[in-house]
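Structure, as C-alpha cells:
Numbers for residues simply follow the sequence, beginning at 1. Values below: all heavy atoms of this structure, side chains included; hydrogens, waters and symmetry mates excluded.
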Amino acid sequence: EVQLVESGGGLVQAGGSLRLTCAASGLTFADHTIGWFRLAPGKEREGISCLSSRDGGTYYADSVKGRFTISSDNAKNTISLQMNSLKPEDTAVYYCVRSDPLTYYSDYADFRRYDAWGQGTQVTVSS
C-alpha cells in the first residue's frame, strides 16, 4: 500500500519561505510521477509541481514558476517543495500525490491522473 506523508506546512509572512517534504512508503521512486497539488477554500484543486522519477522531467504551474522548486531524494524516498517569495494567494492545503509515469505535459495538472494522495499540510501566508 502506497502511503504519502507530508510535513513542513505552517504560517509565514508574505515574502517568506517554507519547505514541504513528502515521505513515501510502499513504492520505490523509480518509474513514478510524484508531486504536489493544493486546494484553497472556494477554489479548484491545482497541480503545483510534479517530478517524473523516470526521466527527471518536471512540471510547474504558471502561478508558482520561478518561486517554487521540486526535488527528490531517491535514497530516502522523499520529495520536497521549496517555496520562496510566498504570497497570500499561496494559502492552501498542500497534498503530495503519486501516479504512474505520465506521457503528456498537460497530464501533470490533471488530478484524475493521481491515484495516491497524502493527508495534506496547511500552508498559510499572511499579508
Side-chain angles (χ1 to χ4, degrees):
E1 179 185 3
V2 175
Q3 287 193 325
L4 304 171
V5 180
E6 305 96 337
S7 61
L11 173 64
V12 65
Q13 288 188 331
S17 299
L18 281 175
R19 185 177 182 87
L20 305 183
T21 298
C22 173
S25 61
L27 59 84
T28 54
F29 264 18
D31 231 27
H32 295 276
T33 293
I34 308 287
W36 299 89
F37 272 65
R38 69 186 179 187
L39 181 62
K43 296 184 179 180
E44 296 184 352
R45 273 173 285 195
E46 180 183 17
I48 296 303
S49 181
C50 295
L51 173 67
S52 170
S53 58
R54 174 185 282 179
D55 59 12
T58 56
Y59 163 85
Y60 292 97
D62 288 342
S63 58
V64 306
K65 279 180 182 177
R67 300 188 298 123
F68 291 10
T69 303
I70 192 170
S71 60
S72 69
D73 184 333
N74 289 354
K76 296 181 178 179
N77 259 21
T78 60
I79 64 165
S80 296
L81 186 69
Q82 179 65 40
M83 306 187 295
N84 298 328
S85 302
L86 283 162
K87 305 174 182 180
E89 51 263 44
D90 293 318
T91 295
V93 178
Y94 284 70
Y95 297 91
C96 183
V97 298
R98 175 268 165 204
S99 81
D100 290 332
L102 299 175
T103 301
Y104 301 105
Y105 188 76
S106 58
D107 287 343
Y108 284 98
D110 184 351
F111 71 89
R112 297 167 296 179
R113 299 293 180 177
Y114 298 87
D115 58 6
W117 293 66
Q119 82 286 352
T121 186
Q122 177 71 45
V123 171
T124 303
V125 184
S126 62
S127 58

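The environment of K43 atom NZ is sparse: at most 12 non-hydrogen atoms of other residues, nucleotides or ligands sit within 6.0 angstrom. Applying the 6.0 Å contact sphere to OH of Y104 captures no more than 12 heavy atoms from other residues, nucleotides or ligands.
Using a 4.5 Å cut-off on side-chain heavy atoms (C-beta onward), F68 and S49 make no contact. Side-chain contact between V123 and L20: present, with at least one pair of heavy atoms (C-beta onward) separated by less than 4.5 Å. Taking the side chain as every heavy atom from C-beta outward, T91 and V125 approach each other to under 4.5 Å. Contact annotation: the side chain of V64 approaches that of R38 to within less than 4.5 Å [non-hydrogen atoms, C-beta and beyond].
For the atom pair I48 CD1 and S63 OG, the distance stands at 4.5 Å (nearest 0.5 Å). Atom OG1 of T124 and atom CG of L18 lie 9.5 Å apart (nearest 0.5 Å). Taken from OH in Y95 to CG in L39, the straight-line distance is 5.5 Å, to the nearest 0.5 Å. In this structure, L27 CG and R98 CZ are separated by 7.0 Å, a value rounded to the nearest 0.5 Å. Note that CH2 of W36 and SG of C22 are 5.0 Å apart. Values are rounded to the nearest 0.5 Å. Taken to the nearest 0.5 Å, the CD1 atom of I34 stands 7.5 Å off from the OG atom of S99.
Considering every non-hydrogen atom in both S80 and R19, the closest pair reads CB-NH2, 3.5 Å. Across every non-hydrogen atom of C50 and T33, the tightest pair is CB-CG2, 4.0 Å. Between A14 and S127 the shortest heavy-atom distance is CB-CA, 4.3 Å.
Hydrophobic clustering (side-chain heavy atoms under 4.5 Å, transitive across Ile, Leu, Val, Met, Phe, Trp, Tyr) groups V97 together with Y108. Following chains of ILVMFWY side-chain contacts shorter than 4.5 Å, one cannot reach V93 starting from L81, and the two form parts of different hydrophobic clusters.
Put simply, the side chain of S72 never gets that close to the backbone of I79: no donor and acceptor are under 3.5 Å apart. With hydrogens and angles ignored, the 3.5 Å screen pairs a side-chain donor or acceptor of Y60 with a backbone N or O of I70. For the pair T121 (side chain) and G9 (backbone), a donor-acceptor distance under 3.5 Å is present. At distances below 3.5 Å, at least one donor-acceptor pair connects side-chain atoms of E6 with backbone N or O atoms of G120. Using modelled atom types, no side-chain atom of Q119 and backbone atom of V5 make a donor-acceptor pair closer than 3.5 Å.
K87 has no carboxylate O lying under 4.0 Å from a charged side-chain N of D90, or vice versa, which leaves the two without a salt bridge. A salt bridge between D115 and R113 is absent, with no side-chain N of the basic residue lying under 4.0 Å from a carboxylate O of the acidic one.
Evaluated for a side-chain contact (heavy atoms from CB on, under 4.5 Å) with S17, the options R67, Q82, M83 yield exactly one hit, Q82.
Ring pair W117/F111 is perpendicular by interplanar angle, where above 60° counts as perpendicular and below 30° as parallel.
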List the steps, then state whether side-chain contact (heavy atoms from CB on, under 4.5 Å) holds for Y114 with L102.
-> CA-CA 10 Å; Y114 298 87; L102 299 175; 3.5 Å; yes
